[in-house]
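All remarks here apply to the structure that follows.
Here is the naming used below: chain letters follow the sequence lines, and residue numbers restart at 1 for every chain.
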Amino acid sequence: MPFTLATWNINSVRLREPLVLKLLEEEQPDVLCLQECKSPVDKIPVENFRALGYPYLVARGQKGYNGVAVLSKIPITDVGDMDFAGLGHARHVAVKLENGVTVQNFYVPAGGDVPDREVNEKFGQKLDYLTEMRDWFHAERPEKAILVGDLNIAPREDDVWNHKQLLKIVSHTPTEVDHLAQTQDAGGWVDITRQDIPEGLLYSWWSYRARDWSGADKGRRLDHVWATPDISNAAHSSRVLRDARGWEKPSDHAPVFATFDL
DNA sequence: ATGGTTGGAATCCAA
């Protein structure tokens, strides 16, 4: 049975409810993982999602910031959340599908502007968050699992529009890339998107500040789909729905899709 | 080297 999953930093699920509905209607993923919902869980607009055939929601939320949600056509169970780096933020939730697959949905801290933990506390928190993720995966040894989300790091040279120019820009510094690699290794995670699309520039985020985001195309691949080898060994395919970045009142992130033959 | 945009809550912070 093919199983399609999408991950999307929505940048306010209440403001962009119409965009979520458009995506569900047009693309029909089985499971949609959202980040930056910026809403308490009880204020997420579930009615219209339900009407479109997505009756299941598992989420963590807080007022104004952060927030993660899993919307599903198929039954999912809430299997908890983690609060890495002691931030008290709603940045993670995990669900289990009926076939035994676990889906981990993450929103890693952005890390502020200056890539130095001595002068920018947020950068330190981002690194600590990744280190605690690493330690958790080292202890838990995930199996039959998929990890998605806005990891706020573009690890490869071809995950950014200009590698050299971004080496000191938060999201592409060698320190962050190293922390992300350690987190990935600790869980034995396979980068599904890059296994499916191994060559060429690939982005999932374009700044709102660009005059012409598509023409300039100064993007970064911040949104990821990983899986454990028992899942990645099955056939799979991936794509980034770049079009969604051009929708009316868009999120600055595009959804990333993966389909697995499970 | 700088400023550019957006969302949410409160007149600024985070991204």
Would you classify A/R220 as touching base, sugar-phosphate or nothing, given that sugar-phosphate means primed atoms plus P, OP1 and OP2, and contacts are heavy atoms under 4.0 Å? nothing
Please tell me whether A/H92 and A/W136 form a close aromatic pair, meaning their ring centres lie under 6.0 Å apart. yes
Check whether the side chains of A/T4 and A/T259 place a donor and an acceptor atom closer than 3.5 Å, and report yes or no. yes
Using whole Å, what does the distance between atom C1' of nucleotide B/dA14 and atom CG of A/D113 come to? 9 Å
Whole Å only: how far is the CG atom of A/L15 from the P atom of B/dT5? 18 Å
Can you check whether A/K63 has a side-chain N or O nearer than 4.0 Å to OP1 or OP2 of B/dA9? no
Closer to the 5' end of DNA chain B via nearest nucleotide, is it A/P40 or A/D150? A/P40
Nearest-angstrom distance from the residue atom CG of A/N66 to P of B/dG7: 17 Å
Does a donor on one side chain sit under 3.5 Å from an acceptor on the other, for A/Q35 and A/H253? no
Rounded to whole angstrom units, what separation is found between the CG atom of A/D252 and the C1' atom of B/dG7? 10 Å
Is a side-chain donor-acceptor pair under 3.5 Å present for A/E17 with A/N48? yes
Residue met sooner reading DNA chain B from 5', once A/A210 and A/Y107 are mapped to nucleotides: A/A210
Using the P atom as the reference point in each nucleotide, state the distance between B/dC13 and B/dA1 in Å, no decimals. 25 Å
Starting at atom CD1 of A/I153, determine the distance to atom C1' of B/dA15, rounded to an integer number of angstrom. 15 Å
Atom-to-atom span, CZ of A/R211 to P of B/dT5 - whole angstrom: 9 Å
When all nucleic acid strands are considered with a 4.0 Å heavy-atom cut-off, which category describes A/R16: base, sugar-phosphate, or nothing? sugar-phosphate
Between B/dA15 (P) and A/N120 (CG): distance, integer Å: 10 Å
Roughly, in whole Å, what's the span from NZ in A/K218 to P in B/dG4? 15 Å
side-chain N/O A/R91 vs B/dA14 OP1/OP2, d < 4.0 Å: no
In terms of side-chain heavy atoms of A/K38, which of B/dG4, B/dG8, B/dA14 is nearest? B/dG8
Sticking with atom P, work out how far B/dT6 lies from B/dT11, rounded to a whole angstrom. 23 Å
Whole-Å P distance, B/dG3 and B/dA9: 28 Å
Kindly check if the number of other-residue, nucleotide or ligand heavy atoms within 6.0 Å of CD (A/E26) is above 12? yes
Quantified in whole Å, what is the P atom distance between nucleotide B/dG8 and nucleotide B/dG4? 22 Å
